[in-house]
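One structure below.
Note: hydrogens, waters and symmetry copies are ignored here, and every other heavy atom, side chains too, is used. Quick note on labels: first sequence line is chain A, next is B, and so on, each numbered from 1.
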Amino acid sequence: MLLGQTRDDAAGEAFDKVARVLGLGYPGGPAIERAAASRPIGAKNPYRLPRAWLNGTRDFSFSGLKTAVVQLVEGYVAGENESGASKYAREGVAAADGGGALNVPDVAAAFQESVVDVLATKTVRAARDLGVRQVLLAGGVAANKPLRERLRADLASLDIRLSYPPIAFCTDNAAMIASAAYFHRRHGERSPLDLDVRPGLQLPFATNGT
Amino acid sequence: MRILGIESSCDETGAAIVEDGRIIRANVVASQASVHERYGGVVPEVASRRQLSAIIPVLESALDQAGLGWNDLDAVAATYGPGLAGSLLVGLTAGKTIAMARGLPFLGVNHLEAHIYANWLREERTSPPSPLNRVGSEFAGPHPPAPSPARRRGGSRVLIPQPLPLPRGRGARSRRGCGGVAGRSELPTAGAGHLRGAQRTGPHPTPWALCAAGADARRRGR
């Protein structure tokens, strides 16, 4: 059963877009993680970026967060932080040491913290409410170490197991395709040879979020 | 049960041979990330063309890596969605073609579902037994690719056996004691040995792949 999904951007897409506006390169996931990790340990972060909680649902949204970063950066580029900047960007700018250059590692860390906070908090809440015993992390963003660590700590306190793939198998690879195929083949399945591509294919779960 | 898996949904071309859903006999990925880096994201039309140039060498590398032939496969699987239509078509068509030609069952796989199965994958290898490192190089051949075998084998990630552990001899230890890279002089030797071996059998690594292997080994302090 599908419990929740993103309503706009995938988390990984947000990482790519934010890395691009911060000039950190592509792919964005590892670039942002590296930039955030380059900060001195325990350093206070003057930026705080929004979290879209979408309360009452188990869905996610990352486009607002993405836009907040874009406006924060554009505010600096244009040198006019007030016009066109979001409330959050203004707060961020006001909090940062005034007039200084945009601190890219700080922004990267604030963005990553926001994504991790929402993903972990909502996942842990869903796992607790449904009484599950194990959570599996998967996909490109599953390679994010702060996300793994946060989920591991939060789920451990609830006695829920967490498992995730080795980092090399979080990103796109063919081994996972062969693995998935094995478990289907064991049930005698096979596909017709006129099978066509399905660019918009979704997870094969019934949609019933909340 | 040995299954050949093919992945081509976006900007990476992958072929892998997995036994009983868990044991990886070969896993090859050719990434185009550096091609798309300047745009800050994947350009679909470029991605599908690169898929086309990478798919055959990647498939050949996977078989080489596993030391297996077409007759050793029990089924073929390929991603059929979600992803970029042009990229998906390359891997799906390759997979269906192989299955048809070899009379093997074909399975179309949901990419999102497959990400979940990655949780059961472990890098335990039944063969080859030597310690292996995965090294990366970008498939950066021209388009359209030249048809020569050397060129066709030019890309993709290859496995190069790493010298492990450091030599135990007194000389080696004292060199290591100096903290220099000299103690790791067996690295180029391993690289050259691989090149010689590759000319006879395996995938031909690009100079970049060898450099990456060396850098990787140094990073791991080997």
note = So, the part of B:Leu92 with a heavy atom under 4.5 Å from chain A: the answer is side chain

task = Go through the steps to decide whether A:Asp172 and B:Thr79 satisfy the test side chain to side chain contact (heavy atoms under 4.5 Å, CB included), and finish with yes or no.
result = CA-CA 11 Å; A:Asp172 290 353; B:Thr79 309; over 6 Å; no

task = List the atom of A:Pro165, the atom of B:Ala118, and the distance in Å for their closest heavy-atom pair.
result = CB-O, 3.5 Å

task = Find the one option among A:Ala138, A:Pro199, A:Gly200 whose heavy-atom pairs under 4.5 Å with chain B are most numerous.
result = A:Pro199

message = If you count heavy-atom pairs within less than 4.5 Å of chain B, which of A:Ala180, A:Gly25, A:Gly28 leads?
response = A:Ala180

query = With only heavy atoms counted, which part of B:Asp74 is less than 4.5 Å from chain A, the side chain, the backbone, both or neither?
reply = neither

request  = Starting from the C-alpha separation in whole Å, work towards a yes-or-no answer on side chain to side chain contact (heavy atoms under 4.5 Å, CB included) for B:Tyr80 and A:Asp196.
outcome  = CA-CA 7 Å; B:Tyr80 75 106; A:Asp196 202 357; over 6 Å; no

key: chain A contact via B:Ala62 - which portion, at a heavy-atom distance below 4.5 Å   = neither

From B:Glu19 atom CD to A:Ser179 atom OG, the distance as rounded to the nearest 0.5 Å = 12.5 Å

query = OG1/B:Thr93 to CG/A:Leu193 distance, rounded to the nearest 0.5 angstrom?
reply = 11.0 Å

task = Against chain B, label A:Leu24 side chain, backbone, both or neither, depending on which of its atoms sit under 4.5 Å from a heavy atom there.
result = neither

query = Pick from A:Ala19, A:Pro166, A:Gly139: which one has the most heavy-atom pairs with chain B under 4.5 Å?
reply = A:Gly139

query = Where on B:Ser8 is there a heavy atom nearer than 4.5 Å to chain A: the side chain, the backbone, both, or neither?
reply = neither

note = Between B:Val109 and A:Ala181 the two heavy atoms that sit nearest each other are CG2-CB, 3.9 Å

Smallest separation among heavy atoms of B:Leu112 and A:Leu203, with atom names = CB-CD2, 3.6 Å

inquiry  = Quick check: closest heavy atoms across B:Asn110 and A:Pro204, and the distance to 0.1 Å?
reply    = ND2-CD, 3.7 Å

task = Decide yes or no for B:Pro105 and A:Arg185: does some side-chain heavy atom of the first lie under 4.5 Å from some side-chain heavy atom of the second?
result = yes

task = Side chain from CB out, backbone as N, CA, C, O: work out which of these in A:Arg20 comes under 4.5 Å of a heavy atom of chain B, or both, or neither.
result = side chain

note = Distance col, row B:Glu7:CD vs A:Met176:CE, nearest 0.5 angstrom, shows 5.0 Å

message = Once rounded to the nearest 0.5 Å, what's the spacing between atom CG of A:Asn173 and atom OG1 of B:Thr13?
response = 12.5 Å

inquiry  = Counting heavy-atom pairs under 4.5 Å with chain A, which one of B:Gly108, B:Ala78, B:Gly14 comes out on top?
reply    = B:Gly108

Region of B:Leu104 in contact with chain A, defined by heavy-atom distances below 4.5 Å = backbone

task = Might you confirm whether atom CZ of A:Arg161 has over 12 heavy atoms from other residues, nucleotides or ligands at distances under 6.0 Å?
result = no

query = Between A:Asp194, A:Asp16, A:Leu136, which has the largest tally of heavy atom pairs under 4.5 Å with chain B?
reply = A:Leu136

task = Kindly give the heavy-atom pair with the smallest separation between B:Gly81 and A:Leu201, and that separation in Å.
result = O-CD2, 3.4 Å

ask   = Highest number of heavy-atom pairs under 4.5 Å with chain A: which of B:Leu88, B:Val76, B:Leu84?
value = B:Leu88

key: Distance (rounded to the nearest 0.5 Å) between A:Leu195 CG and B:Lys96 NZ   = 5.5 Å

Shortest non-hydrogen contact between A:Ser163 and B:Asn119, atoms and distance = OG-OD1, 2.9 Å

message = So if I apply the ring pair (Phe, Tyr, Trp, His ring centres under 6.0 Å) rule between B:Tyr117 and each of A:Tyr182, A:Phe183, A:Phe169, which one comes out positive?
response = A:Phe183

key: Spacing of OH belonging to A:Tyr26 relative to NE2 belonging to B:His36, to within rounding of 0.5 Å   = 6.5 Å

ask   = When you look at CE of B:Met100, are more than 12 heavy atoms from neighbouring residues, nucleotides or ligands closer to it than 6.0 Å?
value = no

